[in-house]
Each structure stands twice: as structure tokens, then as C-alpha cells.
Amino acid sequence: MKPMPLAGMLALLATSAAHAVETAGGAMEETTTGGMPQLDFSNPLMLAQVVWMLIIFGVLYYVLANVALPRVTSVLDERRHRIEGDLEAARAAKAEADAAAGAYQSATAKARADSQAAIAGALQSAQAEASAKNEVLNARLAEQIEAAEARIATARDTAMAALREVATDTANAMVTRLTGLKQEAATAAAVQRQLAAQGKA
């Protein structure tokens, strides 16, 4: 709503005051003397007070319409613009935060997938390496076992041969002492048969 011009406002107020003065003056003439002195419009001071009241009201209206209210309006507009700017900044910050959260989640998922793939690759590599080492170790152990079995067989044969010789010599000595005869061939055959029967030949 556009403010009313000061001159028009003053003219309207002056017309209203004059009409009120005339009405009050006519009423005062018809009534008897007395009543409220504040409403005695026949007093010239009352008319001056009304005029000054209109002037002061007009000045206040002018000051409010042209100075105070524009400042209040500018303050409200500035506050509204600032709030809108803050809201836009908040929306932009929220959008950036959402984008950062999405990027973080995607990066986390990618890092998790990469780590799982690396772990699976490391496990496969470790299993392959362990399998290769086990094969090498098993082959080495088989060779060592075969060599040990060969040494054991050789030692057993040597021991059995020594046992056969000792047994044959002992039997010959006993036969010679008991009978006074040397029968080495028969004694050796008997020892051989006895050892074969015991599974030691």
C-alpha cells in the first residue's frame, strides 16, 4: 500500500478538525455553559493544540513512512536474503556431504574388494608355495628313506653274514671239542638251516 502524501494527510486532518470545531461550537452554543474544559473548542488555545497535533502527527507520519519503515523493510529484506543464502549454503553443504559419503562408501567397498582379492591371491600363492615345498620335502624324505632302507638292508646283510660266520665257527668249535672231528661243511649247512628256520638267514 502506497503511503498517503503529507499534504493530503494534513488537509484531511485540518478538514476533520475544522468540522469538529464547528460541530463542537454549535453544540456549545445550544447547551448551557459548563461541561468539560478539554472539549471547549471556543477557546483559541484548543484550536492551536489541534493544529499542532496535526502538524506533529504529519511529521511523525512522514518520518515513519520515509525513514523508519524503509529501514525496517531493508533490515527484513536483508535478513530474508541472508536466511535464503544460509539455506542455499546448507543445501550445497548437504549435497557435498552426500557426495562425499557416497564416494567414501564406494571407496570403502572398492578397498574391501581389493583387500579380499589380495588376501585370496596371497592364500592361493601360499598354498601353491606350501604344496611345492611339501612335494620337494616329500621327495627328499623318500630319497632319505630309500637310502636309509638300503643302509639298513646292507647292515642287516652284513650282520647276518657275521652272525652266520660266528655261529658256524662256534658250532664247528663245539663239534670238534665234543667229537674230535672237523665237519665244517655239515656244521655250516646245519647252521644255515637253523637260521633259515628262524628267519634270520
Side-chain angles (χ1 to χ4, degrees), residues 1-2 64-201:
M1 184 176 65
K2 296 177 65 176
L64 288 175
N66 295 313
V67 178
L69 291 178
R71 291 183 180 178
V72 173
T73 304
S74 65
V75 169
L76 292 177
D77 290 339
E78 181 182 355
R79 182 173 178 271
R80 180 172 54 83
H81 290 314
R82 185 169 64 248
I83 291 174
E84 290 177 355
D86 292 341
L87 288 176
E88 288 297 329
R91 291 191 191 96
K94 184 179 181 300
E96 291 179 358
D98 292 339
Y104 172 75
Q105 290 178 355
S106 62
T108 303
K110 184 177 181 300
R112 186 180 295 112
D114 292 341
S115 63
Q116 290 177 353
I119 290 172
L123 286 175
Q124 291 179 355
S125 177
Q127 289 176 354
E129 185 177 357
S131 178
K133 288 183 178 180
N134 285 333
E135 291 179 358
V136 172
L137 181 61
N138 289 332
R140 186 181 302 167
L141 288 176
E143 291 177 358
Q144 291 177 357
I145 289 171
E146 289 178 359
E149 288 178 351
R151 288 195 300 271
I152 290 171
T154 303
R156 183 183 62 190
D157 293 340
T158 303
M160 291 304 295
L163 177 63
R164 188 180 300 111
E165 184 179 354
V166 170
T168 301
D169 292 341
T170 303
N172 285 327
M174 290 177 64
V175 168
T176 301
R177 179 169 292 198
L178 290 174
T179 63
L181 299 175
K182 288 187 177 181
Q183 298 180 355
E184 295 181 356
T187 303
V191 170
Q192 182 65 28
R193 286 195 301 271
Q194 187 65 30
L195 290 176
Q198 294 180 0
K200 297 180 179 180

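Just the heavy atoms: all of them, side chains too, but no hydrogens, waters or symmetry mates, feed the values below.
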Calculate, to the nearest 0.5 Å, the distance between atoms [atom1] and [atom2] belonging to [X] and [Y] respectively.
{"X": "Arg79", "Y": "Asp86", "atom1": "CZ", "atom2": "CG", "answer": "10.5 Å"}
{"X": "Arg80", "Y": "Leu76", "atom1": "CZ", "atom2": "CG", "answer": "9.0 Å"}
{"X": "Arg112", "Y": "Asp114", "atom1": "CZ", "atom2": "CG", "answer": "11.0 Å"}
{"X": "His81", "Y": "Glu78", "atom1": "NE2", "atom2": "CD", "answer": "9.0 Å"}
{"X": "Asn138", "Y": "Lys133", "atom1": "CG", "atom2": "NZ", "answer": "14.0 Å"}
{"X": "Gln144", "Y": "Arg151", "atom1": "CD", "atom2": "CZ", "answer": "8.5 Å"}

Next on the checklist: Could you check whether any side-chain N or O of Ser131 sits under 3.5 Å from a backbone N or O of Ala128, counting only pairs where one atom can act as donor and the other as acceptor?
Outcome noted: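 It does not hold such a pair.
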Checklist entry - Donor-acceptor pair, Thr158 side chain versus Thr154 backbone, under 3.5 Å? => result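 Yes.
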Item to check | Ion pair Lys94/Asp98, N-O distance below 4.0 Å | outcome: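 A salt bridge is present here (some side-chain N lies under 4.0 Å from a carboxylate O).
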Checklist entry - Is the closest basic N to carboxylate O distance between Glu88 and Arg91 below 4.0 Å? => result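 Salt bridge present between Glu88 and Arg91.
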